[in-house]
Amino acid sequence: MKTPKILLAGLAFFLVPTTADVEAEERAACAYDRNAILQLDPNMFDQDDKAGWRELANRDGCQAAAADAIALYIESHRETLVRQWQLPSFKWHEAQLRGFAGHSPDAPVDQAGEGPRGL
């Protein structure tokens, strides 16, 4: 007995992941606890491979999420980062990760292309 082509096409439709499915999986793979990450001290957030942005950036396809985490951390801890002279480093890593994620136009570099804006 032959299987109708329309039945096979319908079955294939349900087996092929949609763009929304793929995006949902990527978001889940890059999920992190915002409250926990914001409670880290700047050195732990910046330097620890098992916490902070580096842990997130080491996950496949999560460079943009790591850049977003850095931007969130900067927003929440700007005064401390300025006082400890760490803001330029954090901005640099954010720009670097946005570039790695393929978002070069979104990377906050200065007009000369030499580093993060505002340094």
Side-chain angles (χ1 to χ4, degrees):
M1 174 178 156
K2 289 187 176 181
T3 305
K5 290 181 183 178
I6 198 158
L7 179 61
L8 290 176
L11 182 60
F13 175 78
F14 288 107
L15 295 177
V16 175
T18 65
T19 303
D21 293 336
V22 172
E23 289 173 356
E25 286 179 20
E26 288 174 355
R27 278 193 304 275
C30 299
Y32 62 95
D33 183 339
R34 288 180 178 212
N35 291 329
I37 211 166
L38 290 175
Q39 291 177 9
L40 296 172
D41 69 72
N43 289 326
M44 178 78 88
F45 177 81
D46 186 40
Q47 297 298 319
D48 193 318
D49 287 337
K50 301 208 185 319
W53 72 265
R54 292 177 190 271
E55 185 278 328
L56 192 54
N58 287 332
R59 299 182 202 171
D60 288 338
C62 293
Q63 289 80 20
D68 291 343
I70 293 172
L72 181 65
Y73 195 90
I74 289 171
E75 184 180 311
S76 298
H77 299 279
R78 181 173 293 277
E79 288 182 32
T80 300
L81 296 174
V82 168
R83 191 172 48 252
Q84 295 179 358
W85 293 89
Q86 291 178 300
L87 184 61
S89 173
F90 276 56
K91 286 185 163 231
W92 177 257
H93 287 302
E94 178 192 354
Q96 190 177 40
L97 287 166
R98 294 204 189 282
F100 288 150
H103 301 173
S104 298
D106 298 332
V109 295
D110 65 17
Q111 289 186 359
E114 296 177 5
R117 269 191 296 242
L119 299 182

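All residue numbers refer to positions in the sequence shown, counting from 1. Below, each value reflects all heavy atoms present in this structure, side chains not excepted, and no hydrogens, waters or symmetry copies.
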Should Ile70 and Phe45 count as side-chain neighbours, where that means a heavy-atom distance under 4.5 Å? yes

Within residues 57-72 or reaching into it, pairs that qualify as side-chain hydrogen bond (donor to acceptor under 3.5 Å, both in side chains) - sequence neighbours excluded: Glu55-Arg59, Asp68-Arg98

Taking all heavy atoms of Cys62 and all of Ala29, pick out the closest pair and write down the distance. SG-O, 3.8 Å

Test: salt bridge (Lys or Arg N to Asp or Glu O under 4.0 Å). Region: residues 69-81. Which pairs qualify, not counting sequence neighbours? none

Which residues share a side-chain hydrogen bond (donor to acceptor under 3.5 Å, both in side chains) with Arg34, sequence neighbours left out: none

Judged by atom type as modelled, is there a donor-acceptor pair below 3.5 Å linking the side chain of Tyr73 to the main-chain atoms of Asp46? no

Quick check for you: to the nearest 0.5 Å, what is the distance between Asp48 atom CG and Leu40 atom CG? 8.0 Å

Report the distance from atom CD1 of Ile74 to atom CZ of Phe90, rounding to the nearest 0.5 Å. 7.5 Å

List the atom of Gly61, the atom of Cys30, and the distance in Å for their closest heavy-atom pair. O-SG, 3.7 Å

Please check this pair: side chain of His77 against backbone of Leu38, looking for a donor-acceptor N/O pair closer than 3.5 Å. yes

Which heavy-atom pair separates Tyr32 from Leu72 by the least distance, and what is that distance? OH-CD2, 4.1 Å

Roughly how far apart are Lys91 NZ and Leu81 CG, rounded to 0.5 Å? 10.5 Å

In terms of heavy-atom contacts, Thr80 and Pro42 come closest through CG2-CG, 4.0 Å

CD/Gln47 to OG/Ser89 distance, rounded to the nearest 0.5 angstrom? 7.0 Å

